[in-house]
Number of protein chains: 4
Amino acid sequence: MPKNDGDITKERILKAAEKLFSEEGFDGTSMDKIAKDVGINKGSIYYHFKDKNDIMASLFKKILSDMYEHVDYISRPMKERLEDKIKREIQYLSDKKRILSILFMETLKSGNNTDYFIQCLEVMIKKELDSTLKNGNVGELIEEDLEKYIVYEFFTGMMPIISFIMLKDKWCEYFKYDEKKLFEHFMEAFVNSHLKAHKFNK
Amino acid sequence: MPKNDGDITKERILKAAEKLFSEEGFDGTSMDKIAKDVGINKGSIYYHFKDKNDIMASLFKKILSDMYEHVDYISRPMKERLEDKIKREIQYLSDKKRILSILFMETLKSGNNTDYFIQCLEVMIKKELDSTLKNGNVGELIEEDLEKYIVYEFFTGMMPIISFIMLKDKWCEYFKYDEKKLFEHFMEAFVNSHLKAHKFNK
Amino acid sequence: MPKNDGDITKERILKAAEKLFSEEGFDGTSMDKIAKDVGINKGSIYYHFKDKNDIMASLFKKILSDMYEHVDYISRPMKERLEDKIKREIQYLSDKKRILSILFMETLKSGNNTDYFIQCLEVMIKKELDSTLKNGNVGELIEEDLEKYIVYEFFTGMMPIISFIMLKDKWCEYFKYDEKKLFEHFMEAFVNSHLKAHKFNK
Amino acid sequence: MPKNDGDITKERILKAAEKLFSEEGFDGTSMDKIAKDVGINKGSIYYHFKDKNDIMASLFKKILSDMYEHVDYISRPMKERLEDKIKREIQYLSDKKRILSILFMETLKSGNNTDYFIQCLEVMIKKELDSTLKNGNVGELIEEDLEKYIVYEFFTGMMPIISFIMLKDKWCEYFKYDEKKLFEHFMEAFVNSHLKAHKFNK
DNA sequence: CATGAATGAGCATTCATTCAT
DNA sequence: GATGAATGAATGCTCATTCAT
């Protein structure tokens with residue numbers, strides 16, 4: 001939480017950077033644009049951040065610690081339908097849409113060594129698994145099962161949800177969907193997942 | 001098919017651009033780098049392409065027509081296990097890894113109007129559906145069902161596969177997996193999809 | 001002599017500036033670097049000095065008054081071998097190596113009007129001459145002789161010594177000399193000076 | 001020798017850089033100033049030179065090869081008074097005044113690893129020695145004598161001359177000398193060198 | 001005395017693009 | 001078809017300096 005002028009400015013720079021990076025990509029966003037968006041001098045950014053990458057790293061740190069807190073909160077023991085839990089999850093991640101898009105874009109570049117996006121989802125999956133285990137919903141997991149679980153959650157659980165969140169707007173515009181319809185279709189698809197449905201058809 | 005020197009150069013520019021865009025992103029790749037990679041003069045690129053966006057558009061056109069051809073080929077009627085079909089699909093898409101990453105990165109930017117990635121997957125899904133219908137595996141589809149089908153295939157079918165392909169290398173490095181193990185885990189997860197497995201656990 | 005905190009800080013700034021200017025040149029040294037080196041806030045420098053040039057001017061003033069004091073001290077009447085006197089001179093100037101380098105660099109720029117270095121050596125030469133005259137070693141000097149004397153002392157006396165001091169380290173590294181050998185060679189060369197030796201060879 | 005437009009531009013950049021570096025120092029000269037002085041676009045400089053240091057390095061290379069050629073020319077066997085030879089030498093070096101000042105300034109910075117100036121004078125001294133030896137003026141030189149000779153020539157021969165050349169203008173302005181008088185005084189001092197004169201006084 | 005924060009001009013360098021040859 | 005040379009705008013970043021606290 002910002003306490004003085006400097007911290008407030010820093011926060012505003014991060015907010016502007018998050019917006020602009022998600023709109024134009026990291027490389028497509030100039031320090032000039034960020035400064036203009038915040039309404040400060042370009043040089044001032046360098047008072048608060050070492051360089052452009054430092055802004056990126058700060059955004060990453062922020063979302064990571066946010067996710068730590070979030071998972072603690074969301075996974076208290078409660079009797080809740082799985083579907084409702086997923087809806088809440090989607091809600092939470094929707095608020096992180098921008099930063100998730102940024103992290104994904106960066107992680108997709110094969111030429112750098114950033115695995116921001118993978119780290120981020122790893123945190124979510126592991127934290128959630130931890131709390132599930134604590135609640136006694138399942139027994140202990142052996143190492144191989146853990147690996148399988150992470151792969152499974154990542155690619156067939158998280159990826160559908162996060163790509164839905166990231167592409168929702170463009171999808172609606174491209175296919176002339178309204179958002180509500182897409183959401184319902186997606187939920188049906190997700191619950192009633194892929195190959196399972198295939199089997200029913202045959 | 002390139003016929004003369006000019007076409008060959010054009011092809012080489014596209015190949016270099018595809019490599020570099022996927023490594024550093026579109027904005028992170030300069031015309032200079034492309035020219036150097038091809039081994040030609042920077043100005044020459046402008047003989048073959050109007051501007052940088054034109055290179056991008058050409059890459060998009062190429063993958064789109066490639067997908068048209070591919071789907072015609074892959075979906076001939078044959079008795080094949082679903083799992084094997086998926087493996088072939090993954091194989092095909094793996095060869096397109098670079099361009100898919102590029103298109104995805106661009107589509108993630110909310111500030112431009114490119115929906116390259118969505119268009120691309122739409123083609124794949126629709127072409128495949130067409131051929132499935134022709135083969136008489138299912139009856140006619142009403143409009144709403146078609147929409148649901150596309151959403152379903154896109155987010156819970158294609159997205160897991162494509163994100164697996166795009167993130168495979170970074171995943172293996174980050175988690176110290178070998179490729180084979182990841183592939184097996186992924187296949188198991190994908191076949192045995194998400195919520196279905198959840199049900200089995202309880 | 002620094003008396004309170006403020007003066008101490010001022011002294012520390014000068015010390016840091018002297019070090020950094022001699023390492024990277026005046027233009028190559030930023031106020032930031034100086035502040036960081038001193039361990040104070042950049043703004044604080046401006047409490048003690050009007051601007052960057054003021055730091056330079058202060059360094060110059062300091063060395064000038066130091067030289068006044070030094071010459072008074074060194075040139076008391078004593079029976080000392082010329083060679084020993086020169087050695088003492090070299091010793092004294094070695095301690096001023098940094099500031100002499102800085103002043104020389106600045107004076108070499110033809111585009112500004114600084115003649116720091118010339119002034120500095122003028123003081124040394126004149127003070128020494130004064131004391132020599134007082135000691136009655138020579139008679140009165142007419143104006144033209146004074147001019148000749150200064151030219152002579154400056155270019156064939158001071159310049160060899162000072163360039164030896166300024167270039168010593170780089171020379172040793174470049175030619176793989178050890179410092180002692182260079183010093184001996186230099187002393188021999190200096191005592192046994194240039195054209196004289198030429199004559200002996202023939 | 002420049003053959004086409006590009007080479008001419010390159011040559012003009014070098015000329016402007018030499019002038020500006022000598023006026024304001026390397027760090028004090030911006031690429032902007034150079035471009036403006038040449039009358040070209042700033043970006044164009046980067047077509048011809050990798051970066052600012054590359055310009056510096058090119059200037060250094062140029063003077064070095066110029067010196068190689070010069071010494072070959074100047075040291076043909078001839079019966080010439082030493083004094084006249086020195087005058088010719090001074091004449092030659094006067095034309096190199098700018099670049100010598102630049103190289104000296106850079107070499108004076110202890111923080112970088114450039115020994116441009118030392119290398120430069122080493123070439124002059126060694127080439128001249130070579131030709132002197134060939135002319136049979138002296139016998140063979142053993143290693144230690146060579147070292148002594150270089151030290152001797154460098155500090156008591158070259159340094160007075162080059163500092164005279166570099167400081168001449170400022171000296172005349174500061175002391176209100178006219179150039180001719182300074183030259184005569186310097187020649188007298190140089191011929192009649194330092195300690196020798198001291199001895200005569202006593 | 002000293003700091004944190006800011007400013008605007010300037011820095012070296014790179015960019016996409018153009019065009020005569 | 002391709003090259004060498006150039007351009008002007010923009011890039012990320014640093015500069016000396018200021019000032020309220």
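Lettering of chains follows the sequences in order, A, B, ..., and the numbering in each one begins at 1.
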Identify, between D:M31 and B:G43, the residue whose nearest nucleotide on DNA chain E lies closer to the 5' end.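 This one resolves to D:M31.
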
Pairwise 5' ranking along DNA chain E for C:G39 and A:I40, keeping only the more 5' one: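 So the residue in question is C:G39.
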
Nucleotide [N], atom [atom2] - distance to [atom1] of [X] in whole Å:
X	N	atom1	atom2	result
D:F49	E:dA12	CZ	C1'	15 Å
A:F21	F:dG12	CZ	P	9 Å
A:D32	E:dT14	CG	C1'	15 Å
B:E24	E:dT14	CD	P	14 Å
C:K36	F:dC15	NZ	C1'	12 Å
A:I13	E:dA5	CD1	P	11 Å
C:K52	F:dT14	NZ	P	15 Å
C:K33	F:dT14	NZ	P	11 Å

For the student: nearest non-hydrogen atoms of D:A35 and D:K42, plus distance: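 Shortest heavy-atom separation between D:A35 and D:K42 comes out as CB-CA, 3.5 Å.
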
NZ of B:K19 to CG of B:D37: how many Å apart, nearest 0.5 Å?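 It comes to 3.5 Å.
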
What distance do A:I102 atom CD1 and A:F26 atom CZ have between them, rounded to the nearest 0.5 Å?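 Nearest 0.5 Å value for the CD1-CZ distance: 10.0 Å.
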
Partner lookup for E:dT3, please. Criteria are Watson-Crick or G-U wobble with both distances under 3.5 angstrom; report none if nothing qualifies.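 The base-pairing partner of E:dT3, which may sit in any strand shown, is F:dA20.
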
Between B:F104 and B:Y116, is the ring centre distance below 6.0 Å?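 Centroid separation for B:F104 and B:Y116: 6.0 Å or greater.
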
Nearest listed nucleotide, side chain of [X], among [options]:
X	options	result
A:Y47	E:dT17, F:dT17, E:dA6	E:dA6
B:Y46	E:dT17, F:dA6, E:dT13	E:dT17
A:S44	E:dA6, F:dT17, F:dC13	E:dA6

Just to confirm, is there a sub-4.0 Å distance from OP1 or OP2 of E:dA2 to any side-chain nitrogen or oxygen of C:H48?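 Yes, because at least one side-chain N or O of C:H48 sits under 4.0 Å from OP1 or OP2 of E:dA2.
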
So, is A:T9 near the phosphate of E:dA5, with a side-chain N or O under 4.0 Å from OP1 or OP2?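 For E:dA5, neither OP1 nor OP2 has a side-chain N or O of A:T9 closer than 4.0 Å.
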
Does a distance-only test, which skips hydrogens and angles, find a donor-acceptor pair under 3.5 Å between the side chain of B:K42 and the base of E:dT17?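 Between E:dT17 and B:K42, which were checked side chain against base, a qualifying N/O pair under 3.5 Å is present.
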
For the base of F:dG8, is there a side-chain donor-acceptor partner from D:N41 under 3.5 Å away?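 Indeed there is one.
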
Closest-nucleotide ordering on DNA chain F, the 5'-leading residue of D:K10 and C:N53: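 In this pair, the answer is D:K10.
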
Crowding at NZ, D:K15 (>12 non-hydrogen neighbours, <6.0 Å):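 Count not over threshold, so no.
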
Using a heavy-atom cut-off of 4.0 Å across all strands, would you classify C:S30 as base, sugar-phosphate, or nothing?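 Sugar-phosphate only.
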
When all nucleic acid strands are considered with a 4.0 Å heavy-atom cut-off, which category describes A:I45: base, sugar-phosphate, or nothing?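 Nothing, no heavy atom under 4.0 Å.
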
Can you tell me if B:N41 and B:K36 form a side-chain donor-acceptor pair at under 3.5 Å?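 Absent: no donor and acceptor within the cut-off.
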
